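Computed from a predicted structure; not experimentally measured. Chain letters run A, B, ... following the sequence lines, proteins first and then strands; every chain starts at 1.
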Amino acid sequence: MGRKLLLEHINEPGIQTFEVYRKKGGYASVEKALKTMKPDDVTEEVKKSGLRGRGGAGFPTGMKWSFIDKKSEKPRYLVCNADESEPGTFKDRYLMEKIPHALIEGMITSSYALGAKTSYIYIRGEYMYVAMILEKAIEEAYAKGFLGKNILGTDYSLDLYVHAGAGAYICGEETALLESLEGKRGNPRLKPPFPAVAGLYACPTVVNNVETIAAVVPIVNMGGDEYSKIGVGKSTGTKLISASGHINKPGVYEIELGVPVEEFIYSEEYCGGIWKGRKLKAVIAGGSSVPILPTDLILKTAKGEPRLMTYESLADGGFATGTMLGSGGFIVLDETASVVENLYTFARFYHHESCGQCSPCREGTGWMEKILHRFRDGHAKKEDIDLLWDVQRKIEGNTICPLGDAAAWPVASAIRHFRKEFEEAVMNSLELAHV
Amino acid sequence: MEIKFSETALAKANQIIGRYPQGKQKSAMLTMLHLAQSEFDGWLSTEVMDYVASLLSVKPIEVYEVATFYSMYNTKPVGKCLLEVCQTSSCWLRGSNEIVDHLKKKLNIEVGETTADGMFTLKTVECLGSCGTAPMLQCGADFHENLTIDKVDELLDKLRTKNERSSYLKSLVNS
Amino acid sequence: MAKLTIDGIEVEVPDGTTILNAARQIGGKIVPPAMCYYSSLKETGGKCRVCLVKVAQGSAKDPRPMPKLVASCRTPVADGMVVQNITSPDVLEARKGVVEMLLINHPLDCPICDQAGECDLQNLSYEHGLSTSRYEFERRTFEKIDIGDKIKLHMTRCILCYRCVFVANQLTKERVHGVLDRGDRAEISTYIQKAVDNDFSGNMIDVCPVGALTDRTFRFKSRVWFTKPMDAHRNCSKCSGKVVLWMKGDDVLRVTGRKDQHGEVKEFICNECRFEHKNINDWTVEGPRHIDHHSVISQNHYEKIDLIKLKKEVERQLEFQSGKKHLTEGNGLTQTDNHENNQG
């Protein structure tokens with residue numbers, strides 16, 4: 001059994017409540033930070049821990065914090081990105097629903113480190129029932145003196161609010177999220193300036209994923225050095241993996257980074273193998289936007305080494321033979337699943353979610369969906385495979401925000417590794433036409 | 001009919017506005033529209049949006065721009081219960097198509113339509129973050145997960161008996 | 001000040017200048033095109049992506065290249081920066097891709113569009129477009145609507161540059177139109193049919209890079225290349241009164257702001273000047289307007305004729321007519337009178 005830092009007490013009855021959470025050692029990081037550490041000390045521990053953003057990009061959190069403009073006279077904000085919308089990802093919902101105080105505690109400790117006096121949790125609108133759970137937890141934290149004026153009798157005061165979205169994947173992009181938090185359409189901003197300089201209300205702002213913020217709690221409690229010992233190389237600590245698709249035991253698993261992919265898929269501790277006794281065909285390891293890999297490449301790297309659940313190992317081989325850890329949305333396809341049809345659902349998703357601000361994404365995502373629709377419905381032509389390849393290539397790298405890349409990568413990787421399936425779809429189309 | 005929030009909703013609205021700095025009341029827009037939808041039959045008419053604009057001291061077009069951007073806002077009337085079936089990857093892999101087909105047959109409507117009695121509107125949506133409990137549908141704030149045909153039938157019966165308008169926000173207004 | 005090179009040409013500009021404006025300072029072919037950026041409107045740019053360039057060296061201090069192509073209209077220069085525009089195959093390839101994206105849902109109704117001849121999209125597609133479309137699906141369409149009695153909104157032609165929204169935000173008190181819906185369903189609209197009615201709304205027409213917003217008082221009156229642009233002014237209490245009159249004989253067919261060589265109006269004009277003074281006697285005419293922008297109207301017949309250029313043009317025309325070449329293979333604009341007959 002791997003170490004559990006975030007989900008250790010997940011099965012404790014009543015862990016949703018302040019009382020039980022506190023009894024299990026909750027809010028210790030707030031006490032430790034506010035009473036014994038300077039804000040910069042907290043940032044230092046986070047740097048030492050090697051923690052990387054858990055939302056998908058994997059950017060070192062401590063470094064992100066250190067970018068915040070401290071010369072500015074304006075207020076600073078910490079905003080939690082709880083707009084979990086990447087298909088295949090549901091770990092943040094699980095964490096917030098089951099242990100809401102873990103996030104609240106992380107928010108307080110992190111806000112203290114950053115010098116934020118007001119912080120927001122931006123949660124996707126569809127998770128409204130979770131927002132209610134958070135609201136209740138926040139109320140409890142206020143009542144117990146962990147939020148509000150002079151927390152635990154110190155000089156530090158913090159107000160924390162939940163802000164619900166209303167249905168837009170793009171708001172997971174941090175500048176779109178800030179626009180949305182300002183009550184506008186979720187159009188990503190052009191950078192620079194970056195949020196660390198001009199974020200919410202043009203004030204210095206840090207935006208962090210739910211799991212990232214929750215991870216600050218064990219980091220402060222055990223110390224950054226100790227945390228960094230967990231995991232492999234630059235992939236330190238534990239990570240929540242959302243496992244779904246054709247496996248026996250879908251769900252959220254906390255792993256120590258470094259678990260072999262094969263073990264993650266087949267062991268009883270995690271996914272429990274492929275359902276219905278079938279064989280594995282492909283895996284999308286880090287949420288819909290990362291490249292899909294066939295069985296041989298997901299279990300072993302091109303060099304033949306066992307593939308591990310780490311940022312580096314999953315990326316080994318680049319996009320030619322590797323993928324990304326991303327948000328940890330682990331989608332498994334069995335031997336009967338159609339890669340082309342699964343890809344169609346992604347293409348439809350990105351088309352639906354493009355904000356429409358910049359032309360390659362606005363026009364290109366719809367185009368890709370339409371071409372893939374042709375594959376699905378048996379009207380595809382041979383040239384469509386190359387056309388699809390070309391369209392994704394013209395989106396990738398040319399858009400304002402990463403949604404363009406996110407839409408392009410699954411298409412590129414599916415063609416790269418499963419071209420045969422596309423060709424078969426063309427053959428079937430020809431036969432259909434013949435009939 | 002005069003468009004106006006109930007006292008509870010108005011109190012809630014003011015409380016929400018108070019969460020943002022002075023002069024940044026526009027930040028309350030998204031919640032305000034959720035509230036409005038919950039107060040006025042599950043959708044946002046022009047009159048309702050204009051009312052929200054007046055509450056937030058913004059131009060009406062600023063509200064229209066936001067209301068039409070986000071997928072949870074309905075700018076046309078919907079049935080009492082809006083059934084939103086997820087159909088992205090993980091849900092599709094575990095049979096969301098059958099769920100949609102069954103609902104279409106059972107309710108005798110196409111996706112995007114409302115039953116003649118105004119009870120149900122069927123909508124397909126993109127990933128709702130319930131991939132580990134797929135297939136699923138959302139009705140109001142509630143997630144209905146690990147769906148089977150039988151579970152869907154049961155749910156429809158329950159909703160019919162309850163005969164209440166679904167809302168993402170019900171508990172917020174009541175809280 | 002920052003010294004940088006663009007396509008090998010050195011230029012020195014104040015810190016904070018964007019790559020695009022640095023390029024404009026150099027001028028000529030190395031200036032990236034711009035469909036959404038508009039220097040006299042704040043916050044514009046970054047959206048259309050036609051101005052993407054490659055930054056091969058970030059700065060003297062940090063010579064690393066930027067990982068992706070950047071929007072030159074919104075990226076500030078740095079000392080020692082090395083920029084590639086037309087010397088980078090990646091940039092030209094990307095630009096070609098963007099133009100293709102802009103055209104897949106465009107109606108290509110230039111023969112009946114009032115903007116033809118002075119349309120940025122038309123110019124771009126001549127330069128970077130494909131001769132045929134690879135898009136085989138039904139194109140997105142919207143209903144044409146009148147936003148007030150002076151402006152026609154033809155959303156189907158819109159490329160969502162947002163310029164008209166910035167005009168409404170920055171030049172008028174009450175913005176009533178905006179961008180609704182999202183993705184490729186997004187549209188410029190007033191939501192409820194409402195007139196855009198204020199003293200400066202007409203500038204939406206001038207800033208529109210395509211034929212999405214056109215002047216109803218000029219609608220179908222003439223192809224622009226048959227009109228003579230004349231600089232003129234009048235005393236106006238609302239604006240500078242400096243305009244361009246688009247004339248046929250002594251008739252004023254249209255009044256617009258004065259566009260510079262990048263197609264931008266620097267002094268916005270009021271609706272009274274634009275719509276209410278179509279009588280030549282209302283104006284002090286200064287003389288013919290030189291149109292620098294590389295479109296068909298710059299080939300005005302009353303400007304000095306370049307005989308060598310004309311000879312080449314005639315030869316090219318003959319080649320087209322004999323079917324040897326496709327029209328888009330040429331590099332100038334070559335519409336003939338035929339277009340008038342096509343006007344629907």
Side-chain angles (χ1 to χ4, degrees), chain A residues 75 84-90 92-94 118 120 124-129 131-132 135-136 159 161-169 171 180-187 200-201 242-246 250-252 284 288 329 331-334 337 341-342 344-346 348-349 352-353 355, chain B residues 16 18-21 23-34 37-38 56 58 62-63 65-73 84 86-94 96-97 124-134 136 138 140-143 146 167-172 174-175:
Chain A
E84 183 174 61
S85 319
E86 174 94 355
T89 315
F90 46 97
D92 294 339
R93 173 167 81 103
Y94 184 75
T118 307
Y120 295 96
R124 68 180 294 187
E126 293 92 337
Y127 287 180
M128 198 63 84
Y129 79 96
M132 301 305 144
E135 296 250 10
K136 202 168 159 222
D159 283 315
Y161 303 110
V162 178
H163 178 110
Y169 166 73
C171 291
S180 185
L181 187 45
E182 291 181 8
K184 303 176 199 158
R185 298 161 62 82
N187 285 349
L200 182 62
Y201 313 127
S242 321
S244 68
H246 293 159
V252 174
I284 298 139
S288 57
I331 309 170
V332 176
L333 276 67
D334 75 19
E341 199 163 336
N342 183 63
Y344 167 74
T345 75
F346 287 154
R348 189 189 55 214
F349 172 84
H352 185 255
E353 300 299 339
C355 80
Chain B
I16 300 286
R19 294 176 172 184
Y20 307 98
K24 304 294 183 194
Q25 73 282 0
K26 190 177 172 181
S27 276
M29 175 89 77
L30 269 55
T31 309
M32 223 46 66
L33 289 172
H34 280 307
Q37 204 161 259
S38 168
L56 295 174
V58 299
E62 295 177 72
V63 182
E65 283 177 326
V66 169
T68 54
F69 185 88
Y70 296 94
S71 61
M72 290 171 75
Y73 300 132
E84 301 180 284
C86 177
Q87 53 170 0
T88 320
S89 184
S90 306
C91 276
W92 170 76
L93 287 168
R94 293 183 82 106
S96 61
N97 279 5
T124 51
V125 295
E126 300 298 345
C127 188
L128 294 182
S130 189
C131 326
T133 36
M136 67 84 66
Q138 178 166 23
D142 301 326
F143 278 32
N146 293 313
S167 162
Y168 300 117
L169 258 199
K170 216 176 295 162
S171 45
L172 180 69
N174 296 340
S175 71

At a heavy-atom separation under 4.5 Å, does [X] approach chain B through its side chain, its backbone, both, or neither?
{"X": "A/Arg93", "result": "side chain"}
{"X": "A/Tyr161", "result": "side chain"}
{"X": "A/Ser288", "result": "neither"}
{"X": "A/Thr89", "result": "backbone"}
{"X": "A/His352", "result": "side chain"}
{"X": "A/Val252", "result": "neither"}
{"X": "A/Ile331", "result": "side chain"}

[X] (side chain) donor-acceptor with [Y] (main chain) under 3.5 angstrom:
{"X": "A/Asp334", "Y": "A/Ala337", "answer": "yes"}
{"X": "B/Gln37", "Y": "B/Met72", "answer": "yes"}
{"X": "B/Ser71", "Y": "A/Gly167", "answer": "yes"}
{"X": "B/Ser27", "Y": "A/Leu181", "answer": "yes"}
{"X": "B/His34", "Y": "B/Tyr168", "answer": "no"}

Shorter than 4.5 Å, heavy atoms on both sides: which option in [options] has the most such pairs with chain B?
{"options": "A/Tyr120, A/Tyr344, A/Phe346", "answer": "A/Tyr120"}
{"options": "A/Pro250, A/Ala166, A/Ser244, A/Gly183", "answer": "A/Ala166"}
{"options": "A/Cys171, A/Ser242, A/Ala168, A/Gly88", "answer": "A/Gly88"}
{"options": "A/Ala243, A/Gly251, A/Ser180, A/Cys355", "answer": "A/Ser180"}
{"options": "A/His246, A/Glu86, A/Arg348", "answer": "A/Arg348"}
{"options": "A/Glu84, A/Glu126, A/His163", "answer": "A/Glu126"}

Once you round to the nearest 0.5 Å, how far does CG of B/Asp142 lie from OG of B/Ser167?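 Interatomic distance, B/Asp142 CG to B/Ser167 OG, rounded to 0.5 Å: 10.0 Å.
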Can you measure from CH2 (B/Trp92) to OG1 (A/Thr345) and round to the nearest 0.5 angstrom?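 Rounded to the nearest 0.5 Å, the CH2-OG1 separation comes out at 7.0 Å.
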Heavy-atom distance under 4.5 Å to chain A: side chain of B/Tyr20, backbone, both or neither?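 B/Tyr20 touches chain A through backbone and side-chain heavy atoms alike.
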Using a cut-off of under 4.5 Å for heavy-atom pairs, which of [options] has the most such pairs with chain A?
{"options": "B/Ala134, B/Ala28, B/Gly140, B/Ser130", "answer": "B/Ser130"}
{"options": "B/Glu126, B/Glu65, B/Met29, B/Gln25", "answer": "B/Glu126"}
{"options": "B/Gln138, B/Lys24, B/Met32", "answer": "B/Lys24"}
{"options": "B/Ser90, B/Cys91, B/Ser89", "answer": "B/Ser89"}

Residues in salt bridge (Lys or Arg N to Asp or Glu O under 4.0 Å) contact with A/Lys184, at least two apart in sequence or another chain: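 Partners of A/Lys184 under the salt bridge (Lys or Arg N to Asp or Glu O under 4.0 Å) test: A/Glu179, A/Glu182.
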Over all heavy atoms of both residues, which pair between B/Cys127 and A/Pro87 is shortest? Give the atoms and the distance, please.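 So the minimum-distance heavy-atom pair works out to SG-CA, 3.5 Å.
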Closest non-hydrogen atom pair between B/Leu169 and A/Met132, with its separation: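 So the two residues come closest at CD2-CE, 4.1 Å.
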Under a 4.0 Å N-O cut-off, is there an ion pair linking A/Glu353 with A/Arg124?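 Salt bridge absent between A/Glu353 and A/Arg124.
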